[in-house]
Amino acid sequence: MATSTTPSPVLKKPVKLACIQLASGTDKGANLSHAREKVLEAAKGGANLIVLPECFNSPYGCDYFPSYAETLLPSPPSKDQSPSYHALSSMAAEAKAYLVGGSIPEADPDPSSKKYYNTSLIFGPDGALLASHRKVHLFDIDIPGKITFRESDVLSPGNKVTLVDLPEYGRIAVAICYDVRFPELATIATRRGCFALIYPGAFNLTTGPLHWRLLGQARAMDNQIYVAMCSPARVMDSTYHAYGHSLIVDPMAQVVTEAAEAEEIVTWELDGARLDETRKGIPLSTQRRFDVYPDIGEGKISFEDPNVPK
Ligand SMILES: O=C(O)CCC(=O)C(=O)O
């Protein structure tokens, strides 16, 4: 792999990324302690940017969202309102690493609204909250005989593109699972200077084998960017069987590391030189024809959601 000699315009220095394919159960406290062990293990292995999976502190499913939900607003919430917020903040500080805290079910601060969100919290190496992302595209699909899922029966969507600045490295984008199917988010994030798109996700045994890897590679290829997709481990005695296969894709759209189904940490060093050489070799950014089609990276794009913590 190429190593940076001069700083890349989008990634100032190499960053070691780790996706933790975590096995979670029904005990939230146990899930949080287990996540902490694994985050510290990843940091001990040199990771500076660590990612947990979607719904890592609970089982995944519409029946579980309300009972596991925590209130994150006003931010910072108290420990009673959100033990997960505080656990994630401490993990990031202990690990001295950036932490994309997978996602957790979030309860709207107004209990009478009965609104819930699927929310990712992103912390810096000092434990401070940097950003949060509420899943924008809810997972509503119906493939007869295979899988029917309607997150929108219980969840409300977020309303923004989430970009996070990591001062020593550069900018990343965070979105959740089904969000990866929408290339617009990825393209907008790339045009705003991100070096990586990070997706905590929990695909299933129908769409996982069909689309998981392909989507990671597609988003990387279209945008000439690093992509990380972090799944829960597959736990067969749970009600939702996650696909697993957490992976990291490089800007040339090669899958550089991929887990199997069991619990595992996959890591890769992201390097600015790889981004730059890909973009120099296939110079898409200077070859676009906005005289033929519109630029979706411009125009009315929402980067702030007034209802979101931070
Ligand atoms: O898009 C898919 O096939 C799966 C998405 C999903 O599992 C999710 O959004 O949680």
Side-chain angles (χ1 to χ4, degrees), residues 19-26 31 51-69 84 100-106 115-121 132-162 173-187 189 197-220 222 227-236 238-247 249 255 258-259 261:
C19 291
I20 300 178
Q21 183 160 294
L22 194 77
S24 299
T26 53
N31 293 338
V51 187
L52 287 166
E54 183 178 25
C55 288
F56 76 94
N57 75 356
S58 67
Y60 180 57
C62 290
D63 292 345
Y64 299 102
F65 295 134
S67 53
Y68 282 83
S84 302
V100 177
S103 77
I104 61 171
E106 178 195 352
K115 279 189 172 176
Y116 302 96
Y117 311 92
N118 188 340
T119 302
S120 183
L121 300 172
S132 68
H133 177 80
R134 287 176 174 165
K135 191 176 190 172
V136 170
H137 304 92
L138 297 180
F139 178 41
D140 286 0
I141 67 166
D142 184 19
I143 305 176
K146 299 282 191 189
I147 177 167
T148 299
F149 210 97
R150 280 192 56 82
E151 272 189 328
S152 66
D153 283 347
V154 181
L155 298 182
S156 297
N159 301 303
K160 70 174 174 83
V161 178
T162 300
V174 176
I176 300 173
C177 204
Y178 199 58
D179 285 336
V180 75
R181 287 190 180 273
F182 298 85
E184 292 86 349
L185 274 189
T187 299
L197 311 173
I198 311 285
Y199 298 97
F203 269 42
N204 53 80
L205 301 191
T206 299
T207 61
L210 285 169
H211 295 154
W212 172 262
R213 205 171 204 268
L214 204 54
L215 281 162
Q217 289 185 285
R219 296 296 82 86
D222 286 348
V227 172
M229 296 170 64
C230 183
S231 170
R234 193 175 305 165
V235 178
M236 287 315 282
S238 67
T239 51
Y240 184 89
H241 301 146
Y243 179 53
H245 291 269
S246 297
L247 49 80
V249 191
V255 176
E258 179 174 354
E261 290 84 35

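Model, not experiment: these values are computed from the prediction. All ligand and atom numbering here is 1-based and tracks the order in the structure.
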For this session: Identify the two heavy atoms, one from Ser246 and one from Ser231, that lie closest to each other, and give their separation to 0.1 Å.
Result: OG-N, 2.8 Å
Exercise. Phe149 vs Tyr60 aromatic rings, parallel, tilted or perpendicular, using cut-offs 30° and 60°?
Worked result: parallel
Exercise. Under 4.0 Å from any heavy atom of Thr207, which atoms of ligand 1 are there?
Worked result: 2 (C), 3 (O), 4 (C)
Problem set entry | Residue portion contacting ligand 1 (non-hydrogen atoms closer than 4.0 Å) for Tyr60 | side chain
Seminar exercise, completed: Taking only non-hydrogen atoms of Lys135 and a 4.0 Å limit, the atoms of ligand 1 in range are 8 (C), 9 (O), 10 (O)
Problem set entry | Interfacing atoms of ligand 1 (cut-off 4.0 Å, heavy-atom, Ala202) | 6 (C), 7 (O)
For this session: Counting heavy atoms only, name the option from Ala242, Cys177, Ser103, Cys55 that's nearest to atom 6 (C) of ligand 1.
Result: Cys177
Exercise. Under 3.5 Å, is there a donor-acceptor pair between the side chain of Ser132 and the main chain of Ser120?
Worked result: no
Problem set entry | His211 near ligand 1 by a heavy-atom separation under 4.0 Å | no
Exercise. Should Glu151 be counted as touching ligand 1, given the test is an N or O pair under 3.5 Å?
Worked result: no
For this session: For the pair Asp179 (side chain) and Val136 (backbone), establish whether a donor and an acceptor sit closer than 3.5 Å, ignoring hydrogens and angles.
Result: yes
Exercise. When you look for heavy atoms under 4.0 Å from ligand 1, do you find them on the side chain of Arg181, its backbone, both, or neither?
Worked result: side chain
Exercise. How would you list all residue pairs meeting side chain to side chain donor-acceptor pair (under 3.5 Å) that involve residues 199-209, not counting sequence neighbours?
Worked result: Asn204-Thr207
For this session: Scan residues 206-217 for pairs that pass salt bridge (Lys or Arg N to Asp or Glu O under 4.0 Å), counting only residues two or more places apart or in two chains.
Result: Arg213-Glu258
Problem set entry | Non-hydrogen atoms of Arg219 and Ala186 that approach each other most closely | CD-CB, 3.7 Å
For this session: May I ask whether His137 has any heavy atom positioned less than 4.0 angstrom from an atom of ligand 1?
Result: no
Exercise. Does Ile141, backbone or side chain, put an N or O under 3.5 Å from an N or O of ligand 1?
Worked result: no
For this session: Please could you name the atoms of ligand 1 that Tyr240 approaches to less than 4.0 Å, counting only its heavy atoms?
Result: 7 (O)
Exercise. Backbone N or O of Thr26 within a donor-acceptor pair of the Tyr68 side chain at under 3.5 Å?
Worked result: yes
